[in-house]
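This structure is a prediction, so every number in the text was calculated from the model and none was measured. One-based numbering, in listed order, for ligands and for the atoms of each. Basis for what follows: all heavy atoms, side chains included, without hydrogens, waters or symmetry-related copies. Throughout, residue positions are numbered sequentially from 1 according to the sequence presented.
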Amino acid sequence: MSATATTQVFPSFAQVYQGLAGQIGMLREMAPQPTKSDEQRLKGAVDTLIEDTNADEAVWLESCIHCGQCTTACHYFQSMQDAKYAPMRKMDLYRRVYQREISPMRWWHRLVSKPVKLSDFEEAKELIYDSCTECGRCTMVCPMGIDTASLVHHMRSAMVAAELVPPELAALRMEQKHQGTVFGSSPDKLKEMIDTIREQAGVEIPLDKASAEVMVLSSAVDLVANGNGLLATAKIMNHLGVDWTICSDGFESANFGLLSGDMTLWKQQADPIVAAAQRVKAKTVVIAECGHAYPALRWNPMLRSGELPFEMMYMSEFLGKQAKSGKLRLKPLEQRVTFHDPCKTGRRGGAFDEPRAVLKAMDADLVEMPNNKEYNWCCGGGAGIFLLQDATELRDESFKIKIREVNETGAESVVVSCASCRLNFESGRQKNHWDKRVESLVELTAAHLIDDDESAAATSAQGAAQ
Ligand code: SF4
Ligand code: SF4
């Protein structure tokens, strides 16, 4: 039994995964078809790359010395051993556009290279979506400081203009553009879930308070599939006595603008969250366990986050801060565990100590994987790849690296703090009949809260012993 299975109110995560897998399978049929002519799609893609290319991008595109260090750092190359998955190859088309359209030597490149066609973007689709989680491991080892992950992101924006977004992401992008949420989630679903949690688990969730110190975000996965995530969050917040709320006009962590490359949608999703946080005068906004939401909200340059009157914090950061201050006291977790850092919050966000502080507060026997923290291998499911049917083989093969890494620790469980990682781990666990448990940090924390009676008993036992 999972260490977090303390309530029977909602299905287990294994069942959640099965249910979502069915829903994901239907997304391909819901994807919109291209609406523009081929000429317009090509022009849109090229214009997007020209517009996105500033000094940093130009230097990155000019400075590769073909040393190959990024190649061995990429989990897709490592697992497939095919040169086409080398990170530097993912930039070839962007570089060609740059060289022909804006580089100082463009007159020369126009003489010696072929004009870019829409079919070039079609061919690049696998490299830009299926085989890059924008995990940044290649970026970290590049001696020239080339941020391949960011360049891939610009390519995703070009793919949006070329109407070449993979069908699953295209369907969810459309849903979020028109409904503001995904997977059929909505403010009504949020209210329904809050009522269910109150009635069946006896836990209160403050919805739409006029003011609160902490505004908590949820996610579509929590609202339509995994109620345990929101239940765990509520238990912790209430236990800590936090003045908190969820806002029905700004609750969705997931951002399919970021995942697809649609910068307009990215901002459209982030703006209501910022407006809601300002209205309730929140000092802190806590992002649910949703890895890509971290860069979508915290690092979004369009938000000018330095000027925001509140702090954007990931769930693991919030929990870690509470554990470090001694406010979050937890029962012992009597098992050997390892922690998988989500790439977006770890390598690209720097939140390494906080989740470990929470596990330390549980007195867990934490064993690090051979490649950990900055060097942690991506699980292969981030940046929307978990949803892509065409990426199944790449994802499954690269996950075998993760299985080897976790097995080397001898841990019984691997703890994750990102719904995408968790779904990908659950998929890998079921497909490989892997004997490890996959735990969510927030659910594990909620399952180990020391309640008031236990705390009082411990204090009086301590007093009697003195
Ligand atoms: S590590 Fe950097 S310089 Fe070396 S091949 Fe990769 S992108 Fe080029
Ligand atoms: S960002 Fe990650 S997935 Fe993408 S090329 Fe680099 S190492 Fe590979």
How far is [atom] from the closest protein heavy atom, and which atom is that?
| atom | value |
| --- | --- |
| atom 5 (S) of ligand 2 | K90 NZ, 3.3 Å |
| atom 2 (Fe) of ligand 2 | C135 SG, 2.4 Å |
| atom 6 (Fe) of ligand 2 | C138 SG, 2.3 Å |
| atom 8 (Fe) of ligand 2 | C74 SG, 2.4 Å |
| atom 3 (S) of ligand 1 | I65 N, 3.5 Å |

Salt-bridge test for K117 and D120: reply yes if a basic N is under 4.0 Å from a carboxylate O, no otherwise.
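The answer is no: the pair does not qualify as a salt bridge.
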Backbone or side-chain N/O/S of C67 under 2.8 Å of atom 2 (Fe) of ligand 1:
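No, C67 does not qualify, because none of its backbone or side-chain N, O or S atoms lies under 2.8 Å.
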So is C378 touching ligand 2 or not, going by heavy atoms under 4.0 Å?
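So C378 does not count as touching ligand 2.
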If you measure from each heavy atom of P87 to ligand 1, is any distance below 4.0 Å?
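Not so, P87 does not reach ligand 1.
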Which atoms of ligand 2 have any heavy atom of T133 under 4.0 Å away?
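Answer for ligand 2: 3 (S).
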Looking at G136, which atoms of ligand 2 are within less than 4.0 Å of one of its heavy atoms?
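What qualifies from ligand 2 is 1 (S), 2 (Fe).
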Test item: [X] side-chain N/O and [Y] main-chain N/O as donor-acceptor pair under 3.5 Å:
| X | Y | result |
| --- | --- | --- |
| S119 | E122 | no |
| E163 | T35 | yes |
| K321 | E354 | no |

Can you tell me if NZ on K324 sees more than 12 non-hydrogen neighbours from other groups inside 6.0 Å?
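Above 12, so yes.
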How about CD on E51, more than 12 heavy atoms from neighbouring residues, nucleotides or ligands closer than 6.0 Å, or not?
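Check fails, neighbour count at 12 or below.
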Contact atoms of ligand 1, heavy-atom distance to [X] under 4.0 Å:
| X | value |
| --- | --- |
| M144 | 3 (S) |
| H66 | 5 (S), 8 (Fe) |
| P143 | 1 (S) |
| M88 | 5 (S) |

For a 4.5 angstrom cut-off between non-hydrogen side-chain atoms, does C421 reach K344?
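A side-chain contact is absent here, since even the closest heavy-atom pair is not under 4.5 Å.
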S398 and side-chain contact (heavy atoms from CB on, under 4.5 Å): which partner among S131, C379, S79?
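For S398, the side-chain contact (heavy atoms from CB on, under 4.5 Å) test succeeds with only one of S131, C379, S79, which is S79.
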My understanding is that only one of D222, L231, N226 makes a side-chain contact (heavy atoms from CB on, under 4.5 Å) with F10; could you say which?
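Looking at D222, L231, N226, the match for F10 under the side-chain contact (heavy atoms from CB on, under 4.5 Å) is L231.
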Nearest option to atom 1 (S) of ligand 1, as decided by whichever heavy atom of A86, G68, C70, C64 sits closest:
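Comparing heavy atoms across A86, G68, C70, C64, the nearest one to atom 1 (S) of ligand 1 lies in C70.
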Backbone or side-chain N/O/S of C343 under 2.8 Å of atom 2 (Fe) of ligand 2:
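So C343 does not bind atom 2 (Fe) of ligand 2 by this criterion.
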Parallel, tilted or perpendicular: ring planes of F386 versus Y17, cut at 30 and 60 degrees
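Answer is tilted, since the angle falls between 30° and 60°.
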Is atom 4 (Fe) of ligand 2 under 2.8 Å from any N, O or S atom of C132?
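So C132 does bind atom 4 (Fe) of ligand 2 by this criterion.
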Are the ring centres of W266 and H153 closer than 6.0 Å?
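That pair passes the under 6.0 Å test.
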Below a 4.0 angstrom heavy-atom separation, can you tell me which part of E134, side chain or backbone, both or neither, approaches ligand 2?
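Under 4.0 Å from ligand 2, E134 contributes backbone atoms alone.
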